[in-house]
Amino acid sequence: MKLPLSWIREFVPVELPPARLAHLLTMAGAEVEDLAVLGADWEQVVVGRVASLERHPSLEALWVARIELRHAVVAVATAATNLRVGDLVPLVLPGGRVGGRTIEARDFDGLTSQGMLLSADELGLAPDRQGIYVLDVAAQPGQPLQEVLGEVIFDFKITPNRPDEMNVLGIAREVAALTGQPLTVPPLEPLAGGSPAASLVAVEIPAPDLCLRYTAAVVQDISVGPSPGWVQRRLHCCGVRPISNVVDVTNYVMLEQGQPLHAFDADLLAEGRLVIRRAWEGERIVTLDGQGRELSPEMLAIADARQAQAVAGVMGGLASEVSERTRHVVIESANFEPMSIRRTARALRLSTEASKRFERGLDPGQTARAAQRATNLMVRLAGGRAAAGLVDLYPTRLPKRRIFITPERLSTLLGKRYAQDEIAQVLTRLEFEVQPQANGLEVVAPGHRRDVEGPADLAEEVARVTGYEAIPDTLLSGRLAEPRPNVARDWERRARSILVGCGLQEVITYSLVEPSTPARLDSRAPWPVPSTVAAPGLASPLDGLVRVANPLSAEQSALRTTLLASLLDILRANLRHSERVAIFELARVYLPPLAPLPREMRHLGIALAGARAPRAWNREQGELDFFDLKGVVEGLLRALGLGAARFRRAAHVSYHPGRVAEVVLPVAGRPEVVLGTLGQVHPRVAERFDLQGRAVFAAELDFEALASRAGEVGHAAAPPRFPGVEVDLAVQVQEAVTHEEVHAVLIAAGGELLDRAELFDVYRGEALPSGTKSLAYSLTFRSPERTLTDEEAVEVQAHIERELAHRLGATIRGRS
Amino acid sequence: MVDVQVRLEALRNRAVAELRAVQDEADLERWRIAYLGRRGALAEVTRGLASAPASERPRLGQAANQAKQTLEQAFAECEQRLKVAALERALQAERVDVTLPGRPPALGRLHPVTHVMEQVVRLFERMGFQVAEGPEVETDYYNFEALNIPRDHPARDIWDTIYVRPPEILLRTHTSPVQARVMEQQQPPVRVVVPGRCYRYEALDASHEWMFYQVEGLAVDEGITMADLKGTLTAFARQMFWPEVRTRFRCDYFPFVEPGVEMSISCHACKGQGGPCAVCRGSGWLEILGAGMVHPRVLEKVGYDSERYTGFAFGMGLERIAMIKYGIEDIRLFYSNDLRFLQQFP
């Protein structure tokens, strides 16, 4: 909300520098977002008096004006036709600047124009581009224009609880309270002399629940025309377009007093009646913006004897709009129920300066004053006669809310002791009624402060006016609640640090994805999704995602159920410039159905592609593969105390069928728990993410399952005390036999004396029969109680070898 | 028999002199064979002792032994000298260009928002706050109603909302709904911080994101005041930013607090001097969070006695904190996840 300082000063004689005043208001809650100076960009722009006017000797469209300055007269060419001798006009001299451009002396067929006369639009004073701006205020020729028409304009950000500040008077009231300067409201002229207003317009309120008060004034025999310059300038400073004197008066008074007004053409109101009623079902109205609108009984209409003439508190109707032919006007100054106005404005998608004020709750007490002010001003600007008195229906008076407050109560809230006198003084300055009682104050808020409901509100008034810096800074003391475990979060921290330690970069990606994401990740599904399925707004049977109702874009319109697609997008973007991309994200997925909320589950996603290690001048470059990914997952599981998890071949639509595993955790006596999936992304899926030809590896783990089963080591073992016997064993098996099967036999057959069995080589090649492979293990035999003899080790090894042969048909290489 | 002794003398002198010229192991070996070998010069002289008179033999034998010892010692010294020299040469040959780059390990890092979130949470944990969490897909009740923002209240305009199933189910617009969720579950004293994702219906530009992280804080008990709010948040700012940071509180409005404040910190770029500072746009201050005393109605809605208990709440955007801390000018950098951006953080 923009307001010129000069207007505020009409009500409070504040002399503080503008920046200081802006700071004061901002600290107290009326934030000044911007402080602009109208005319700050005028250089060498002065006031001149038109001394003479004559036609240009050769150029027909031009006039030559002799402009009197302080000590000189200059000749200026102009095409404008609105000038008269004696007018005070703005002139930019050669070398001066206005609106960001520099003006130089210019030759017009032998006549050198010493600068340029300016329009209101060129000066930024008003939108008027027609003709030269003629000053309507006293000024000396040669005086810098800034001294005469410059303005300091405050741009306020008013919080929704303070509609009383959405106007000049409200800000002035605040300034008065903050600076101690007196607030002066100029007296109004009485409405007397004409016919009684009540004889000219009849008002009835069949819907008093939605209309607290309706005040109407009448002005007869006006002449509609443009407003004078000072009104137009003020409106323009506030960002309001001047329209006509009648309409401008309603806007001017709204900006000044905060009371939205509407002017009806009195002759166009059927039977001269105004009925404040609920709209009929399906009742139609064309509003001032030219839009046809359908109303409903939840909405309040201002109707005449026949039809709705305005949407109450939102916008007037075109049918009774004030025009050049208007002779008599009815000025409406009313108070409507805030929530109803808000609902109506939202239903009609029509938020106006009026509705924004009404929906925040205005003072019903101010309508008569505003009506009278508007009437006075209209008579001044548009001529005519004011009808005597007002029509004023006030069916619903808001109850006075009495708030009892003590200095103790204030200090429990604010942590600072305020004297009762000081509290009373602050509140009185803010126009609260304050009654001292035996042990406190009884306070009634002024009508314009409908936001004040209780002691906490009064505490804020005291704190903001006396300044928050006066309140001391103390640290919390007192009781603490017992710490509550937050296991998932602790494991989240741990998991992040492990993954970072594995050389993975954490990413954070959007929770909303394209609804077609499940199909995109499904190597068997057609892609792109046939348009019949992807019709916007229809829930696809393919996806099963929770959609948002008002998405910002189609790409971000469904809640994700997997992190995979987001990670692949990030992978692709980074592979354009990075040779190694290894990322992870720990975030929620959102699983349907809405019951009423979706199930939010933490997932851990990992994606890898490119070089195994950062490129170095002294290292062989290798490419990341399945086992790099698996190594990371295994490392993570071990660090979370989940080393018992197993990997097994699995089927998953997003992954390479031969390179995908499921991670499962055996649970004693119960079904195993699936922790997640890892593998190489299916080439067809990779292609859909523009990752064609790249080996991309990804994992997605259910972090809730991980965290709920993760655990610390129960009992820590000391390092072995006795030396072990190390033996290498190369086991030749059929290709189909897995490492896990061999390893299981090793462990079972090795019994207690087998301390470790670690795979160190996998060999396939000419030295072996086709269809077989050799798995080489390093075995460590050890007894926890004594030094093992070679004979004992050999005995165990022989048993292991027999078991391998017996159970897996294995042969031991190097044995004949 | 003077002859033998003279010969020993000459032999010794010659041998020692020759040894001085020896430069490598091969020369040394040749020298050893020539003088100390079984058929070497010393052995030859010693063999000549057999023909010496018996009375002379002990003396001459002793002289020969002395000569031998001298030569062996000289040999050992020379051998040592060569070893040292050889090692010296080898070390010289193994010299590397220490300015060549090291073999880089793959380094991972936390996302800067996580990093900042952990810092914020840790600071409040040290002041006795516990971490609480809540759903991102929320009900209208917790996101608005419980926070004293009834339907059709103009304050709702503060939060442009993304709805899942309007008007009841939405994406939370702040982490504040967890306030009511926590208080419904526990009696005072309450001290919690709530980190998490939030969403707003907001077009993306350099300073606006539709998805962002907040940390909410709530402390409720008997005797908690605005002074505690100021002290706690100022202590936080000093730890989070820099020790000399100053805080400023101005009146602001959030329906779930009363009084409501906005906290700014002194600008780090101009040290709060304002002037032509691009970071704070000349104000000398940077807004970082909204806060206030919990509104009595919010306490009453969860069944707390608002006459007995008071409390404060605050909420801050983590991207904003990170932007100030690391001088980031475009919020879009966070979730576009360009590794070249992400990998600069500690």
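Each chain gets a letter, A, B and so on, in the order its sequence line appears, and its residues count up from 1.
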Quick one: closest heavy-atom pair of A/R342 and B/D152, and the distance?
CD-O, 3.0 Å
Which residue out of A/N161, A/L475, A/T159 racks up the most heavy-atom pairs below 4.5 Å with chain B?
A/N161
For A/E359 and B/D157, work out which heavy atoms get closest and say how close.
OE2-OD2, 3.7 Å
What option among A/L413, A/V581, A/L512, A/L458 has the most heavy-atom pairs under 4.5 Å with chain B?
A/L413
I'd like to know if A/R489 and B/E118 make a salt bridge, using a cut-off of under 4.0 Å between side-chain N and carboxylate O.
yes
Between chain B and each of A/N486, A/I570, A/D457, count heavy-atom pairs under 4.5 Å; write down the option with the most.
A/D457
With sequence neighbours left out, what residues match B/R181 under salt bridge (charged side-chain N to carboxylate O under 4.0 Å, His left out)?
B/E138
On a heavy-atom basis, which atom in A/N550 and which in B/Y201 lie closest, and how many Å separate them?
O-CE1, 3.0 Å
So what's closer than 4.5 Å to chain B heavy atoms on A/P551: side chain, backbone, both or neither?
backbone
Quick one: what part of A/L504 sits under 4.5 Å from any heavy atom of chain B, side chain, backbone, both or neither?
backbone
Can you confirm whether more than 12 heavy atoms, excluding those of A/R493, are under 6.0 Å from its CZ atom?
yes
To the closest 0.5 Å, what do you measure between OG1 (A/T474) and CE (B/M226)?
11.5 Å
If one checks every heavy atom of A/I583 against chain B at 4.5 Å, the contacting part turns out to be side chain
How close do B/P259 and A/L414 get, counting heavy atoms only, and between which atoms?
CG-CD2, 3.9 Å
Proximal component of A/R409, with respect to chain B [non-hydrogen, under 4.5 Å]:
side chain
Name all residues meeting the side chain to side chain contact (heavy atoms under 4.5 Å, CB included) criterion together with B/T232; count only those two or more places apart in sequence or in a different chain, and write none if there are none.
A/L476, B/F124, B/M127, B/F129, B/F312
Tell me, with the steps shown, if B/Y163 and A/V548 meet side-chain contact (heavy atoms from CB on, under 4.5 Å).
CA-CA 6 Å; B/Y163 283 94; A/V548 302; over 6 Å; no
Flag, side chain of A/E506 to backbone of B/H111, donor-acceptor distance under 3.5 Å:
yes
So what's closer than 4.5 Å to chain A heavy atoms on B/L233: side chain, backbone, both or neither?
neither
Heavy-atom pairs under 4.5 Å with chain B, option from A/P338, A/A488, A/P598 with the top count:
A/P598
Less than 4.0 angstrom from a charged side-chain N to a carboxylate O is my criterion; do B/K230 and A/D473 meet it?
yes
Would you mind checking which part of A/V546 comes under 4.5 Å of any heavy atom in chain B, side chain (CB onward), backbone (N, CA, C, O), both or neither?
side chain
Check against side chain to side chain donor-acceptor pair (under 3.5 Å), A/Y468 and B/E262:
CA-CA 11 Å; A/Y468 282 98; B/E262 175 199 76; over 6 Å; no
Would you say B/M211 and A/L552 make side-chain contact, with heavy atoms under 4.5 Å?
no
Quick one: pull up CZ in B/R308 and OG1 in A/T412 and give me the separation to the nearest 0.5 Å.
14.0 Å
Any side-chain heavy-atom pair of A/I508 and B/Y213 under 4.5 Å
yes
Chain B contact via A/Y590 - which portion, at a heavy-atom distance below 4.5 Å:
side chain
If we define contacts as heavy-atom pairs under 4.5 Å, which of A/K416, A/R615, A/R576, A/Q556 has the most with chain B?
A/Q556
Heavy-atom closest contact (A/L480 atom, B/G128 atom, distance):
CD2-O, 3.8 Å
At what distance, to the nearest 0.5 angstrom, does OG of A/S578 lie from CG of B/D338?
7.0 Å
Below 3.5 Å, can you tabulate the donor-acceptor pairs from side chains in residues 23-33 of chain A to any protein atom, sequence neighbours excluded?
{"unit_1": "A/T26", "atom_1": "OG1", "unit_2": "A/A22", "atom_2": "O", "d": "2.7"}
{"unit_1": "A/T26", "atom_1": "OG1", "unit_2": "A/V32", "atom_2": "N", "d": "3.0"}

Side-chain ion pair, A/R479 and B/E222, N-O less than 4.0 Å:
no
Is the shortest distance from a Lys or Arg side-chain nitrogen in B/E136 or A/R602 to a carboxylate oxygen in the other one below 4.0 Å?
no
Heavy-atom proximity to chain A below 4.5 Å, by part of B/T161
backbone
Contact list (residues 459-466 of chain A to chain B, heavy-atom gap under 4.5 Å, by number) returns A/A459, A/E460, A/R464
Between CZ on residue B/R165 and CG on residue A/L597, distance to nearest 0.5 Å:
10.0 Å
Check B/R246 with A/E469, please: is the shortest side-chain N to carboxylate O separation under 4.0 Å?
no
Under 4.5 Å heavy-atom distance to chain B, tell me which part of A/R588 shows up: side chain, backbone, both or neither.
side chain
Tell me, for A/N618 versus chain B, whether the close heavy atoms (under 4.5 Å) come from the side chain, the backbone, both or neither.
both
Which region of A/T509, side chain (C-beta onward) or backbone (N, CA, C, O), has a non-hydrogen atom less than 4.5 Å from a non-hydrogen atom of chain B, or is it both or neither?
both
Selection from A/R496, A/E600, A/R580, A/M339 maximising heavy-atom pairs under 4.5 Å formed with chain B
A/E600
Non-hydrogen atoms of chain B under 4.5 Å away: do they reach the side chain of A/L559, the backbone, both or neither?
side chain
Using non-hydrogen atoms and a 4.5 Å limit, figure out which bit of B/L170 sits close to chain A: side chain, backbone, both or neither.
neither
Cut-off 4.5 Å, heavy atoms of chain B, and the answer for A/R484 is both
Could you report the tightest heavy-atom contact between B/P104 and A/R619, atom names first, then the distance?
O-NH2, 2.8 Å
Mind running side chain to side chain donor-acceptor pair (under 3.5 Å) on A/S511 and B/R197 for me, showing each step along the way?
CA-CA 9 Å; A/S511 317; B/R197 284 186 189 207; 2.9 Å; yes
